[in-house]
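Counting convention: from 1, in listed order, for ligands and their atoms alike.
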Amino acid sequence: MSDPLRLGIAGLGTVGVGVVKIVERQAELLARRCGRPIKITAVSARAKGKDRGVDLSPYAWEDDPVALARRPDVDVFVELMGGADGPARAATLAAIAAGKDVVTANKAMLAIHGQSLAETAEAAGRVLRFEAAVAGGIPVIKALTEGLAGNAISRVMGVMNGTCNYILTRMDSAGLSYDDAFAEADGLGYLEADPQLDVGGIDAAHKLTLLAAIAFGARVDFNAVALEGIGSITIEDIRRAGDMGYKIKLLGVAQRTGRGLEARMSPCLVPSTSPLGQLEGGTNMVVIEGDSVGQIVLRGPGAGEGPTASAVMSDVCDIARGIRVAVFGQPAHTLDSAPPASAASPACYYLRMELADKPGALAKVATVLGEAGISIDRMRQYDHPGDNAPVLIVTHKSARANLDTALAALPGTGVVMGAPVALRIEDV
Ligand code: NAP
Ligand code: HSE
């Protein structure tokens, strides 16, 4: 059997400890499958004395992850600290400069610095792998870069933040308010240290950035993602959308259109009966559409010790087997600067508003929509105890610009109370 592949692991939190456990528990299986043993030689974290539930005494300890990355007895630097900058980026660059391959789960670092890190790694002849950075245990990076390499991808979309999906499904199934569902997710330890990364859609947008680069050969550009979180979703919208046959999901969509590359992460309505509509709790789902394969749906755990470490090990095993794929599926310097689409593609929209319950109110709203070029598909008015009537409208496909024109004009009718809610209905 060949020489062992020697890992240096920086970061011994949820994911790092999960990787240590797999390397130890599955040593024989990994050696058989990879044709060589996988061994950990050195580890690093902030607090050396912390009880992490695993015996780290067989491994050398480094306080400084950069020193770990440069160790001569490390072949692969496994970065599991997190953070877009700071030690994660410094140690990744140090590892590449020292001739090591790198495996990371760090979507924040890659979404912001992935382009330059990939170019640096490829210029140095090193691989940089990140299966665990997108959708946890779902092997979506491998699916896109390898399994679907023969397809022109037309769209990639999905639910990629388990915390948001948990909050939205708890609001739906248990009738919780947003605040109560958020508190429940917090109590279960689901939220990132900065919860805005989850509920603001940033974490999911990091992941979509990486998928868009691979799927469309576009330069890695986090700023190209139009971003909106779930903080304004109310239990009322969840219920009303349900009445119309939809679920609300924080949905990421990337597609190349005639107007440029469209990438958005926002709360959308999807049919309740669709696979995305039926996705419950903290689970992730990625839907990929290719010209030859058609549509495929990948579903699984998007986070947690076992699933995320499983994805890290997939990258480690590829390196052990000598499989070397360009970071984003093609050499990073060939990724093109796809101009971001100037506007989102046309869609049907869900509109919810409170109308003064008096003669002619609905007609005024219909006139505003009609003058903006928006056609109504369905409409429903609910019973109401007070003077204002809750009204739901589902539009036919319209351009977002037309909708914005109508939304700006609605207050001028004098019959619309407060700001209407407008959510995109995604064709899935
Ligand atoms: P975590 O539990 O917070 O662990 C982070 C680890 O990094 C800790 O062991 C910490 O040391 C160490 N660390 C932080 N700063 C360091 C520094 N300056 N020098 C040395 N070590 C340092 O994080 P995690 O959940 O395992 O996540 C790790 C990475 O995986 C992140 O990029 C995250 O986005 C990504 N990821 C996580 C999940 C998940 O389910 N958790 C899923 C997908 C991707 P101490 O323990 O001593 O404080
Ligand atoms: N905060 C992320 C989520 C963790 O909720 O999906 C995995 O990236």
Return a yes/no value for [X]: is any of its N or O atoms, backbone included, closer than 3.5 angstrom to an N or O of ligand 2?
X    : answer
Y190 : no
N284 : no
A303 : no

Atom CZ of R33: over 12 foreign heavy atoms under 6.0 Å:
no
If you count every heavy atom of other residues, nucleotides or ligands that lies below 6.0 Å from K39 atom NZ, does the total exceed 12?
no
Has P65 got any heavy atom lying under 4.0 angstrom from an atom of ligand 1?
yes
Under a 4.0 angstrom heavy-atom cut-off, which atoms of ligand 1 come close to [X]?
X    : value
A132 : 43 (C), 44 (C)
G304 : 39 (C), 40 (O)
A47  : 47 (O)
G11  : 6 (C), 7 (O), 9 (O), 12 (C)
A303 : 40 (O)
M81  : 5 (C), 7 (O), 13 (N), 16 (C), 17 (C), 19 (N), 20 (C), 21 (N), 22 (C)
R52  : 9 (O), 45 (P), 46 (O), 47 (O)
L12  : 6 (C), 8 (C), 9 (O)

Please state which option from [options] has its nearest heavy atom closest to [atom].
atom                    : options             : result
atom 10 (C) of ligand 1 : M109, R46, E62      : R46
atom 31 (C) of ligand 1 : G83, G82, G16, A133 : G82
atom 2 (O) of ligand 1  : L80, L68, T14       : T14

For L250 and V159: C-alpha separation, side-chain torsions, deciding distance, then whether side chain to side chain contact (heavy atoms under 4.5 Å, CB included) applies.
CA-CA 6 Å; L250 177 66; V159 168; over 6 Å; no
Classify the side-chain pair [X]/[Y] by whether it contains a donor and acceptor separated by less than 3.5 Å.
X    : Y    : answer
T104 : N106 : no
S272 : Q278 : no
T234 : D237 : yes
R219 : T334 : no

Salt bridge flag under 4.0 Å for residues [X] and [Y]:
X    : Y    : answer
R46  : D63  : no
D3   : R36  : no
R6   : D75  : yes
D427 : K397 : yes

Using a 4.0 Å heavy-atom cut-off, which part of D203 comes near ligand 2: side chain, backbone, both, or neither?
side chain
Structural part of D198 in contact with ligand 2, heavy atom criterion under 4.0 angstrom:
side chain
Mind checking what makes ring-ring contact (aromatic ring centres under 6.0 Å, His included) contact with Y166, not counting sequence neighbours?
Y190
What pairs with Y246 under ring-ring contact (aromatic ring centres under 6.0 Å, His included), at least two apart in sequence or on another chain?
none
Which part of [X] is near ligand 1, with near meaning a heavy atom under 4.0 Å away: side chain, backbone, both or neither?
X    : answer
P87  : side chain
E305 : neither
V15  : both

Compute the shortest N/O to N/O distance between G13 and ligand 1 and return yes if it is under 3.5 Å, no if not.
yes
Ring-face cation contact, Y382 with R240, 6.0 Å cut, 45° max:
yes
Give the numbers and elements of all ligand 2 atoms closer than 4.0 Å to a heavy atom of [X].
X    : value
G302 : 7 (C)
N161 : 1 (N), 2 (C), 3 (C), 5 (O), 6 (O)
K107 : 7 (C), 8 (O)

Can you find a protein heavy atom under 4.0 Å from atom 4 (O) of ligand 1?
yes
Within less than 4.0 angstrom of ligand 2, does G136 place any heavy atom?
no
Could you walk me through whether D203 and E192 pass the side chain to side chain contact (heavy atoms under 4.5 Å, CB included) check?
CA-CA 9 Å; D203 168 80; E192 301 269 347; 3.9 Å; yes
Do me a favour and list the nearest non-hydrogen protein atom to [atom] with residue, atom name and distance?
atom                   : result
atom 6 (O) of ligand 2 : G162 N, 2.8 Å
atom 4 (C) of ligand 2 : E192 OE2, 3.7 Å
atom 5 (O) of ligand 2 : T163 OG1, 2.6 Å

Nearest-0.5 Å distance, CD1 of residue I425 to CG of residue L351:
8.5 Å
